[in-house]
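Written out below as structure tokens is the structure these notes cover.
Because the structure is a prediction, the values reported are computed rather than measured.
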Amino acid sequence: MQALYAAAPAWVASGNNVVRMQRRTESGLSARVSCAAAMMSGMAAMRSSTSHGAICGVGIGERMMMMRRTRRSMQAGDLRDLRGGGFREAAAVSKEVFAGNGLRIRPIGRRIGGEIPLGLGIGLNVRAQAAAAAPAAEGGAFPSQNASTAAPRKFFGVETTTIKKVLPLGLMFFCILFNYTILRDTKDVLVVTAKGSSAEIIPFLKTWVNLPMAIGFMIIYTKLSNVLSKEQLFYSCIFPFIAFFGTFAFFMYPLVDILHPTAFADFLVQKLGTRFLGPIAIVRNWTFVLFYVMAELWGSVVVSVLFWGFANQITTVDEAKQFYPLFGLGANVALVFSGRTVKYFSKLRTQLPPGVDGWGYSLKGMMGLVVILGFAIVGIYWWVNRYVVNDPSLPKAEIRKKKAKPKLGMVESAKFLLNSRYIRDLATLVVAYGISINLVEVTWKSKLKLQFPSPNEYSSFMGDFSTYTGVATFIMMLLSRFIFRKYGWGVAAAITPTVLLITGVAFFGLVLFSTPLTPALAGIGLTPLLAAVYVGALQNIFSKSAKYSLFDPCKEMAYIPLDEDTKVKGKAAIDVVCNPLGKSGGALIQQFLILGFGSLAASTPYLGAILLVIVLAWLGAARSLDAQFTPLVQKDLKGKLLEGKLSAISAAVLAQSKARKEVTYRFVSVLNEQGFIEGRYVPVVDGQAVAAVAPAPVASTTNGDDSTEKQGEGDRDIPASEAAPIN
């Protein structure tokens, strides 16, 4: 005589959930109960009667019988959907199952969110307001079959499903940058302290070896991307790096005396002279040069192409905004740990017996760690692809449409730069940084070799350098928000060149005026050479930290107030002309000076003068750009403020003209004297439902023209005005 039905939990964002139920008695009469329920906790139960004591109307006739048969077939299918969707069955019926559910009927004909087509009779379009129904029924509890609608669990404010994606990415990024710092420090030790080599090799190596290798790799990468899947492409790129670094430490380095053409290099020096010592050193120490190039490519390929390409592939925009800045902070943490690791392995030589190559031993330890973490990167990538990318519970990255970028050639880019003062100033900033940092860094490394000629000593100092760089950058990234907010774009843009100017003048002053400064420095226990090394280290540390925390954000912010055409074309012009010019400009200047004056030491005064001119031009361009940037930003903000005010006024006017009064009702289901469910709607006044004794007819949403939505012939919908309290 009684049938027990399950009601659906509330769908996402309190959607309109309508449960309809209809039964037909043995005599051919029907009793229909239309109950609307929406529960965030996801439990409800309804029971109907075999008696034809009706809550809704009764209909008789052949046509009505055919309609009811059709509805029963729909009802059977929808009940299967209920069971398949994991709705909860009730163990008992509460006296007031839906007493806690506030329901709202809008007296206009628009549907607010749509109905769930459960096919259980006539329906009522309502808005759920309550969060939960009664937790238990009289005489029993509601056993759960599916808890998928429960609120997602969070850890430190982050959903656990998101942590499943972000945590492996963060660990993967840490391992990649940990390896990169070790490789970056090791490559300088190899090429600078090698036999017949010095810091003079670096400008030639970057121009004539590193750049062609990078271009060749990108050509191969482009070809492979057309024939391999993304996962296969990742493995095809990273495994050669892992294999090379392991092979170099355990096989190539122990055989350098056999692999390096020392006699041929000595012959070239005799024929060409010492001014060609840099280019000849590339040939003499070709295995070290190959290591240098592979270490540089690790930063370009594994960090920029593989990792960020993979992260952008699986990460949503909201996740990127939330977690990418944390990846930047994590990069500096990796810098600190890797610096300590380099320091540890470099100090191991003091514990080795005499006759053992201490640097070779340290190299094996560091490269062994690089190989292990390389396989860890591969394992994390495999795990993410297997268990995260295809996980349906995780949010998917949006399919982003590729924006068409203007393809400006070298000539078109140069013309665009010359015609726009704003873009010209911005280009000056980019070129000046690339040249300035290169001029100081190479000269500093030449002094560093003189102070620490042993590879282990050089490596140990570079480990400390990496650690302090990570700490300084971490602090500067935290302070950058305060600097931008307190002092604005102009001050933030001037900090990086100012730091370079002060430390550069101090460094070149110690190098050029070492003899007069010797007595003063001896009083504090320093030699001019050691003082130059320390000042150069401070210059590089603060320049890099200011670059990452201030210069890069200032450069990107400068594009914001430009119109779309200038923004896109200006960025393309700077990418085509200024970035390569800044990176290779310093190396080209040093090459000309070395070949012209015979050595890097003889070129130092001219390098100092060139640095001074470039930094002053940088400061002038930053001041000029600030004078243009600030008014554009203010104009843009005023325009957006005016637009926001107009939008708010328009919305207010439309809201007043279209406002409709809403009446809030609460649906109550109770047991009558015969033991069957009866339903009624009672209005809510001051948060309290008006008590009602007599059963209330079931209401439905009315249209804007005061007509009702008919659910079928013989059904009568009650307008909101008729769903008043029933006494």
Side-chain angles (χ1 to χ4, degrees), residues 184 187-188 191-192 198-208 210-211 275 277-279 292 296 427-451 462 465 469 494-514 528-529 531-548 551 577-622:
R184 184 181 60 187
K187 69 180 177 62
D188 290 334
V191 299
V192 174
S198 65
E200 297 174 357
I201 191 179
I202 296 178
F204 297 94
L205 196 158
K206 286 185 175 181
T207 303
W208 306 110
N210 194 34
L211 182 59
R275 70 180 59 207
L277 191 64
Y292 187 99
E296 285 284 326
T428 303
L429 266 63
V430 176
V431 174
Y433 175 82
I435 295 177
S436 301
I437 196 68
N438 200 305
L439 292 178
V440 178
E441 189 175 22
V442 174
T443 307
W444 171 64
K445 288 179 180 178
S446 67
K447 301 302 177 183
L448 189 59
K449 180 188 177 180
L450 296 176
Q451 180 65 38
M462 291 302 295
F465 171 78
T469 301
I495 289 178
T496 305
T498 302
V499 170
L500 261 170
L501 179 63
I502 296 173
T503 55
V505 169
F507 173 74
F508 281 101
L510 288 170
V511 173
L512 297 175
F513 304 102
S514 58
L529 179 60
V533 168
Y534 286 156
V535 172
L538 290 175
Q539 187 272 337
N540 278 273
I541 290 172
F542 288 116
S543 298
K544 290 181 183 296
S545 61
K547 191 258 185 185
Y548 297 139
F551 178 79
V577 176
C578 301
N579 280 335
L581 183 61
K583 292 178 180 179
S584 60
L588 291 173
I589 292 173
Q590 290 170 340
Q591 290 177 53
F592 288 130
L593 292 177
I594 290 172
L595 294 176
F597 293 96
S599 66
L600 187 62
S603 308
T604 301
Y606 304 97
L607 291 174
I610 294 172
L611 176 67
L612 181 62
V613 172
I614 291 176
V615 174
L616 291 177
W618 184 355
L619 286 170

Roughly how far, to the nearest 0.5 Å, is the CD1 atom of Ile614 from the CD1 atom of Ile435? 4.5 Å
With a 4.5 Å heavy-atom cut-off, do Leu510 and Pro528 have their side chains touching? no
Taking atom CD of Gln590 and atom CD1 of Ile202, what is their separation to the nearest 0.5 Å? 8.5 Å
With heavy-atom distances below 4.5 Å as the criterion, would you say the side chains of Pro203 and Val442 are in contact? yes
Distance check, rounded to the nearest 0.5 Å: Glu296 atom CD versus Asn210 atom CG? 5.0 Å
Atom pairs and distances, side-chain donor-acceptor, residues 600-610, under 3.5 Å, sequence neighbours left out:
from	atom 1	to	atom 2	distance (Å)
Ser603	OG	Leu593	O	3.1
Ser603	OG	Ser599	O	2.9
Thr604	OG1	Leu600	O	3.1
Thr604	OG1	Ala601	O	3.1

Side chains of Tyr534 and Leu538: does their closest heavy-atom pair fall under 4.5 Å? no
Quick one: pull up CZ in Phe508 and CD in Gln539 and give me the separation to the nearest 0.5 Å. 8.5 Å
So do Gln591 and Lys206 actually touch side chain to side chain, heavy atoms under 4.5 Å? no
Working note: Trp444 + Val535, criterion side chain to side chain contact (heavy atoms under 4.5 Å, CB included); need CA distance, chi angles, decisive distance, verdict. CA-CA 9 Å; Trp444 171 64; Val535 172; over 6 Å; no
Restricting to non-hydrogen atoms, name the atom on Val511 and the atom on Ala532 that form the minimum distance, rounded to 0.1 Å. CG2-CB, 4.1 Å
Kindly compute the distance separating CG (Leu612) from CG (Leu500), expressed to the nearest 0.5 Å. 12.0 Å
How far apart are the closest heavy atoms of Ile201 and Val191, and which atoms are they? CG2-O, 3.9 Å
Can you give me the closest heavy-atom contact between Ser543 and Ile437, atom names plus distance? CB-CD1, 3.8 Å
Of all the heavy-atom pairs spanning Ala621 and Leu429, show the shortest one and how long it is. CB-CD1, 3.6 Å
Before giving the answer on side chain to side chain contact (heavy atoms under 4.5 Å, CB included), spell out for Thr443 and Phe507 the whole-Å C-alpha distance, their side-chain angles and the decisive distance to 0.1 Å. CA-CA 10 Å; Thr443 307; Phe507 173 74; 3.7 Å; yes
ring-ring contact (aromatic ring centres under 6.0 Å, His included) involving Phe551 - partner list, sequence neighbours excluded: Tyr433, Trp618
What's the separation between atom CG in Leu448 and atom CG in Asn540, rounded to the nearest 0.5 Å? 10.0 Å
Taking all heavy atoms of Leu211 and all of Thr207, pick out the closest pair and write down the distance. CB-O, 3.7 Å
Who are the salt bridge (Lys or Arg N to Asp or Glu O under 4.0 Å) partners of Lys547, not counting sequence neighbours? Asp552
